[in-house]
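A short write-up of the structure that comes next.
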Number of protein chains: 2
Amino acid sequence: MSKYAWVTLATNDSYSLGALVVAHSLKRVHTEHQTAVLITPGVSESMKTKLRAVFNVVEEVNLLDSKDEANLALLKRPELGVTFTKLHCWRLTQFEKCVFLDADTLVLRNCDELFEREELSAAPDIGWPDCFNSGVYVYTPNMETFSSLVQYAVTHGSFDGGDQGLLNSYFSDWAHKDIQKHLPFIYNTSSVATYSYLPAFKQFGQNTKILHFIGVAKPWLQNFNSETRKVYVPSECQHLANFLQYWWDIFAEDVHSRLSPDMSGLAGALANVTLGEPRTSEQDRIEEKLRRQYWEAGNAEYVGRDAFKHIWAKIQQTMDK
Amino acid sequence: MSKYAWVTLATNDSYSLGALVVAHSLKRVHTEHQTAVLITPGVSESMKTKLRAVFNVVEEVNLLDSKDEANLALLKRPELGVTFTKLHCWRLTQFEKCVFLDADTLVLRNCDELFEREELSAAPDIGWPDCFNSGVYVYTPNMETFSSLVQYAVTHGSFDGGDQGLLNSYFSDWAHKDIQKHLPFIYNTSSVATYSYLPAFKQFGQNTKILHFIGVAKPWLQNFNSETRKVYVPSECQHLANFLQYWWDIFAEDVHSRLSPDMSGLAGALANVTLGEPRTSEQDRIEEKLRRQYWEAGNAEYVGRDAFKHIWAKIQQTMDK
């Protein structure tokens, strides 16, 4: 059995849909390595069972019940809770090396060569490219690193309030020390387009190995036609159409049949949808409810046509603090 | 006299305003090196005289009148004209090494250490960070490199239609070969904010050495109060307020008195504005005309609140080709 693992994180049943698609995308490209998922209490019992059927390792993490010193420190900084959850990946010491993948990524080609890289290897972030994006990174599980990271977080916090700011401060020599730790952008191709992005995407995008659905294009928030199994792609995401359809293909073929109505959020709603058949009025009713849920989830995650306005308001609020 | 030079490019009188501010920003940080500007026939005679008073070297480039082989090849690819103009910087062989700066940059601190870097050193672009941004780069003037670049352009074109696509294809090992050729982002800090940019800007932005006004925030297109000498900063650019004001401070103190009404575009219009005095009705009339020019220039350059929509339409058009 491989001593290497792909690791992801799911904090609720909706993100678990993403985690399941990530795992199946890895199987489709015939990875030789194991898969692991960190889950929090937000994941339902029913979903846990499905995750155990797909991942080699399902690790439940629950910061507040934990008794070690690091977590006691955390209790004084509860706002860092989300950040800390990701740090638990360093505790998977049954593996020699790991690659972390956010649940909103999609592996398009075999990337087992990533395990030849050293900690901490990652691709640049499009916001501030001297920072790496923490959606895909190579790391070495180690309890001392975990403790050190937690201690660093408690002492310094995170400049963006999330794991990306924290990890960039901790691994601060990433930008200028070793080019080998700069993963090519095709291992973490961001889905958000700027005016200089699309010509480059047209030039280099066909080489993409891992797509990262940041921003407006979360795949599970796009409208999906249950009869034709086709995803409706918003006009501003047309360059992502093939990737979004591939996500839903994996969903339809490998994930949908494993869902059950007692799951929460989108997972439970999608369990009630019948695929590949003309829609009955009952199906219409279910899908209408689903669209409403998409919409609500979408608003909460700042997607849609007004996305930039909302994001900007949030940014301003943060900057004004 | 230094054998090193800072090089910029001005294709008309409005961009010459930018070039003049760049040159004065370099003087203010006491660079030890020379300054050079490439100009095209779009720059008026009056402006040429002012540029010669400020820059050590003013080099007129005119592709279509030129007789060498490279330019004959170009005649078959006229759409590459703009790209080729920038390539002329490699012909400044009176200098041993140069740093190119776009006319929409602003040097905030002494950066003479950049001349210790080798060709081609540049900072990552925020669109596709495995490409460098061609607004700031270290290079070695050399006629063979110039010819080779022109030949490459004629043969391969440019994937984004501009100099950035061409230079990235030609210097294609930039991304993964030598970390020393990755300039820190603070040497070419883009002014365009994404949702992961602003927290990082708050963390690292105070270290910025060269700001690059890409996107909505072209300094000479912002409204400027001639009486108070303050620039009006749009709400979405508040994080750039100090930088925009600094650009206008240099304009008011070092550039404005050198302008004359026979200059074209914004330069000529700004020559008619009186600074630091209560506005007369005549001044109001001039400034109203100026605002109209700003607005028209703004529309042409896709700035303003609808910027993303316009840019997106352009991108879609390009992608659909």
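In what follows, every chain begins at residue 1, and chains take the letters A, B, ... in the order their sequences are listed. Basis for what follows: all heavy atoms, side chains included, without hydrogens, waters or symmetry-related copies.
- Ring pair Trp128(B)/Tyr197(A) is tilted by interplanar angle, where 30° to 60° counts as tilted.
- By the 6.0 Å contact criterion, CG on Asn242(B) is open, its count of non-hydrogen atoms from other residues, nucleotides or ligands being 12 or less.
- When the ring-ring contact (aromatic ring centres under 6.0 Å, His included) test is applied to His212(B), no partner is found at least two apart in sequence or on another chain.
- The main-chain N or O of Pro199(A) is never found under 3.5 Å from a side-chain atom of Asp160(B) such that the two would form a donor-acceptor pair.
- The closest side-chain heavy-atom distance from His182(B) to Ile179(A) is below 4.5 Å.
- Closest of all the heavy-atom pairs between Phe159(B) and Ala200(A) is CE1-CA, 3.7 Å.
- With respect to chain B, the highest number of heavy-atom pairs below 4.5 Å among Ser169(A), Pro129(A), Gly165(A) belongs to Pro129(A).
- Residues passing the ring-ring contact (aromatic ring centres under 6.0 Å, His included) test with Phe100(B) are Tyr137(B), sequence neighbours excluded.
- Between the Asp130(A) side chain and the Phe185(B) main chain, a donor and an acceptor come within less than 3.5 Å of each other.
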